[in-house]
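As the structure is a computational prediction, the values presented were derived from the model and not from experiment. Counting begins at 1 with the first residue of the sequence.
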Amino acid sequence: MVDPMHFEAHADIYGEARPPYPPALWDSLRGLGVLEPGRRALDIGAGTGQATGPLLAAGLSVTAVEPGRQLAARLRRAHPDAAVIVERVEDAEVPERAFDIAVAATSIHWIDLDILLPKVHRALTHDGRFLVWRNVFGDPDARTPFRECVARIVQDRGAPPRPRPDPEDVSALTAELTRSGLFTVDVVRTFRWTIELNDRQVFRLFSTFSDWTAEEADLAAAAVRELGGTVVEHYMTWLVALTPATIPCADRW
């Protein structure tokens with residue numbers, strides 16, 4: 001079983017090991033008009049602040065919810081202007097109508113949507129937005145020698161697939177985010193980008209993946225060395241922007 005607190009055990013490297021979200025994502029958010037200075041943002045599952053930092057830099061005030069104590073400590077040190085709640089968002093006290101946007105950046109697949117969606121709906125202003133995005137580490141349309149090595153490492157596990165919906169399937173996620181009727185989809189966008197990584201960067205990055213062991217990450221790093229010392233990875237980032245629906249007696253949720 002994948003451990004949702006796996007990231008807490010890698011708090012010392014998480015912020016540096018994970019690549020930032022691509023500029024095209026932030027350009028798209030600016031185009032949607034959600035990054036206006038003075039707006040109030042709720043960052044759900046904030047980690048060490050991969051989304052918190054750019055939101056603050058855009059002039060927003062940010063309340064970040066992160067259950068991992070070590071991750072939250074690093075978040076506070078890196079972004080002292082953010083208000084940090086060290087708790088699972090399912091358990092956190094979130095004020096009503098207090099936020100212009102809520103963000104779940106590479107965190108939505110760890111959260112109980114039956115609890116989260118009503119809570120976010122109550123937390124947002126009536127004209128607010130719920131923004132869900134994720135980096136996908138590996139573009140299925142880009143086949144490379146390194147990705148073939150990664151596929152072999154995964155295949156050699158002999159383990160059953162994750163006992164949960166595929167977190168990289170944006171269509172399935174969009175259906176889950178809207179099935180309650182509390183939100184409607186505004187836009188769905190996908191951004192493709194590349195990054196060059198050396199063996200150490202690959203080891204550190206893959207070590208942060210919740211379903212990879214240190215031994216498997218070492219095999220991936222060895223593959224990079226065999227391929228010349230660096231590889232170009234083809235990644236994707238998808239974005240789902242949602243608008244709160246007007247629900248009669250929504251406060252009963």
Side-chain angles (χ1 to χ4, degrees), residues 1-22 25 45-53 66-75 77-78 104-111 133-170 173 190-238:
M1 179 69 72
V2 176
D3 180 7
M5 293 302 287
H6 170 90
F7 314 108
E8 175 76 350
H10 293 81
D12 58 334
I13 66 168
Y14 188 89
E16 295 179 1
R18 291 277 177 131
Y21 296 109
L25 168 71
T48 55
Q50 284 76 5
T52 304
E66 169 51 50
R69 292 191 176 279
Q70 294 186 62
L71 290 167
R74 289 180 175 273
L75 171 61
R77 288 196 295 271
T106 316
S107 64
I108 195 73
H109 50 294
W110 295 114
I111 303 171
W133 70 77
R134 174 184 174 86
N135 277 349
V136 179
F137 299 102
D139 185 338
D141 294 332
R143 297 178 61 87
T144 66
F146 177 67
R147 276 288 135 185
E148 292 175 1
C149 293
V150 169
R152 286 195 295 270
I153 294 170
V154 173
Q155 186 176 18
D156 288 345
R157 291 174 183 166
R162 292 184 179 192
R164 58 195 308 124
D166 182 356
E168 298 176 1
D169 186 341
V170 66
L173 174 66
T190 300
F191 313 98
R192 285 177 162 82
W193 50 286
T194 61
I195 185 171
E196 186 172 348
L197 301 171
N198 60 32
D199 60 326
R200 181 174 181 272
Q201 291 170 317
V202 163
F203 175 79
R204 287 161 65 90
L205 174 59
F206 280 53
S207 293
T208 69
F209 294 164
S210 58
D211 54 350
W212 277 68
T213 66
E215 292 76 15
E216 290 172 336
D218 194 47
L219 290 173
V224 175
R225 292 190 291 273
E226 292 172 3
L227 292 168
T230 62
V231 293
V232 174
E233 280 278 70
H234 297 258
Y235 290 161
M236 299 188 301
T237 301
W238 51 250

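- Between Phe209 and Phe206, the ring planes are tilted. Angles from 30° to 60° get that label.
- A donor-acceptor pair is defined here as one N or O able to donate and one able to accept, closer than 3.5 Å; no such pair exists between the side chain of Glu16 and the backbone of Ile13.
- Taking CZ of Phe203 as the reference point, atom CZ of Arg225 lies at 9.5 Å (rounded to 0.5 Å).
- By the 4.5 Å heavy-atom criterion applied to side chains, Thr52 and Leu75 are counted as neighbours.
- Residues Glu233 and Arg147 form a side-chain contact, since some pair of their non-hydrogen atoms from C-beta on lies under 4.5 Å apart.
- With Arg74 contributing its side chain and Gly15 its backbone, the two residues share no donor-acceptor pair below 3.5 Å.
- Within the 4.5 Å cutoff, no side-chain heavy atoms of Tyr235 are placed close to those of Asn135.
- Annotation: the span from Leu173 atom CG to His109 atom NE2 amounts to 10.0 Å, rounded to 0.5 Å.
- For the atom pair CZ of Arg18 and CG of Leu205, the computed distance is 6.5 Å after rounding to the nearest 0.5 Å.
- Inter-residue side-chain proximity for Thr106 and Tyr21 is flagged as met; some heavy-atom pair is nearer than 4.5 Å.
- Separation of atoms CD (Glu226) and CG (Asp199) is listed at 11.0 Å; rounding is to 0.5 Å.
- Counting heavy atoms from C-beta on, the side chains of Pro19 and Gln201 never come closer than 4.5 Å.
- For the pair Ile108/Trp133, no side-chain contact is recorded, criterion being any heavy-atom separation below 4.5 Å from C-beta on.
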The test is side-chain hydrogen bond (donor to acceptor under 3.5 Å, both in side chains); show your working for Glu196 and Thr194 and say whether it passes.
CA-CA 7 Å; Glu196 186 172 348; Thr194 61; over 6 Å; no
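- Counting only heavy atoms from C-beta outward, the side chains of His234 and Phe146 never approach each other to under 4.5 Å.
- Between Arg204 atom CZ and Leu197 atom CG the span is 12.0 Å, to the nearest 0.5 Å.
- A donor-acceptor pair is defined here as one N or O able to donate and one able to accept, closer than 3.5 Å; such a pair exists between the side chain of Glu66 and the backbone of Gly47.
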